[in-house]
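Accompanying notes for the structure given below.
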Amino acid sequence: MRELRTMPTADQTPCGLPLFVYGSLLFGDVQRALLGRVPDSRPAAVAGWRNAALRDRAFPGLVPHTGSRVTGCLLTGLDPAERALLDTYEGPMYEARALPLEDGGLALAYVCVDASLVLADDWDREHFGRELLPGYTAGVVRWLASRGETLTRTGSGD
């Protein structure tokens, strides 16, 4: 499957597209720590991609891989400030790209652009959730604090 490198049409601005998440952002604890809420979501998948383990990283990278598919979720209702925060959080090793979903829709996804980190193994979602999630979430909170960010959202977006 061919990846889309073009921007969405004017009526589908990047903030208007759902965000396909496949790694640490699948976890409500990470979403809550980073965004101050758990956005609405639904299951989704992309074909032609792999959820690769990355060298010395707890989180994965989405990389092209013919014949593979990655399951995850679509986060919806993200506002421009949340998207900007996510762009900053993901940093230069990721690029937000519009990708076709298996159901025919379109979503943005953070694609790993640093091939030097990609390992042959796939990322282990269950291991992350079972063993690494608390420490990772604490790291998100420290990252926000180092930037002087405060969580301004309240309510039950959970």
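For clarity, every value in this text was computed on a predicted model and none was experimentally measured. Below, all heavy atoms of this structure are taken into account, side chains as well, without hydrogens, waters or symmetry copies.
Here CZ of Arg32 is found 11.5 Å from CZ of Arg37. Values are rounded to the nearest 0.5 Å. The CD atom of Glu131 sits 9.5 Å away from the CG atom of Asp124 when rounded to the nearest 0.5 Å. The distance from atom OG of Ser41 to atom CG of Leu19, rounded to the nearest 0.5 Å, is 11.0 Å.
By the 30° and 60° cut-offs, the orientation of the rings of Tyr94 relative to Tyr110 is perpendicular.
For the pair Arg42/Cys73, no side-chain contact is recorded, criterion being any heavy-atom separation below 4.5 Å from C-beta on. Leu133 is listed as a side-chain neighbour of Asp29, based on a closest heavy-atom distance under 4.5 Å. Put simply, the side chain of Met93 reaches to within 4.5 Å of the side chain of Arg57, judged on heavy atoms. A 4.5 Å side-chain heavy-atom check between Phe20 and Leu75 finds every atom pair outside the cut-off. Residues Leu108 and Arg97 fail the side-chain proximity criterion, which asks for heavy atoms closer than 4.5 Å. No side-chain heavy atom of Glu102 sits under 4.5 Å from any side-chain heavy atom of Val46.
Between Asn51 and Pro60 the shortest heavy-atom distance is OD1-CB, 2.9 Å. Shown here for Val118 and Ala52, the closest heavy-atom pair between the two residues is CG1-CB, 3.8 Å. The heavy-atom pair separating Trp123 from Ala58 by the smallest distance is NE1-O, 2.7 Å. Contact detail for Leu106 and Pro100: the closest heavy-atom pair is CD1-N, 3.9 Å. Heavy atoms only, all atoms of each residue included: Val70 and Trp49 are closest at CG2-O, 3.4 Å. Summarising the geometry of Ala45 relative to Arg69, their closest heavy-atom pair is CB-NH2, 3.3 Å, with the distance given to 0.1 Å.
Neither Leu62 nor Leu119 shares a network with the other; the hydrophobic side chains, linked directly or stepwise wherever heavy atoms of I, L, V, M, F, W or Y lie under 4.5 Å apart, form separate groups for each. Under the 4.5 Å side-chain heavy-atom criterion for grouping Ile, Leu, Val, Met, Phe, Trp and Tyr, Leu25 is not connected to Val113 through any hydrophobic cluster.
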- Item | Evaluation steps, side-chain hydrogen bond (donor to acceptor under 3.5 Å, both in side chains), between Tyr22 and Thr71 | CA-CA 7 Å; Tyr22 55 88; Thr71 60; over 6 Å; no
- Query: Can you check side chain to side chain contact (heavy atoms under 4.5 Å, CB included) on Leu34 and Leu86, steps first, answer last?
  - Reply: CA-CA 8 Å; Leu34 190 56; Leu86 289 169; 3.4 Å; yes
- Message: Pair Leu26, Arg125 - check side chain to side chain contact (heavy atoms under 4.5 Å, CB included), show working.
- Response: CA-CA 9 Å; Leu26 280 171; Arg125 183 182 298 174; 3.3 Å; yes
- Task: Apply side chain to side chain contact (heavy atoms under 4.5 Å, CB included) to Leu144 and Tyr89, showing your working.
- Result: CA-CA 9 Å; Leu144 283 170; Tyr89 183 72; over 6 Å; no
- Quick one: do Leu74 and Asp40 satisfy side chain to side chain contact (heavy atoms under 4.5 Å, CB included)? Show the steps, please. CA-CA 8 Å; Leu74 293 180; Asp40 291 337; over 6 Å; no
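Electrostatic pairing of Arg55 and Asp114 does not count as a salt bridge here, judged by no charged N lying under 4.0 Å from a carboxylate O. Between Arg83 and Asp87 there is a salt bridge, with a side-chain nitrogen of the basic residue lying less than 4.0 Å from a carboxylate oxygen of the acidic one.
For an aromatic pair to be called close, the ring centres must be under 6.0 Å apart, and Phe128 with Phe27 satisfies this.
Looking at Arg50, its side chain does come within 3.5 Å of a backbone N or O of Asp121 through a donor-acceptor pair.
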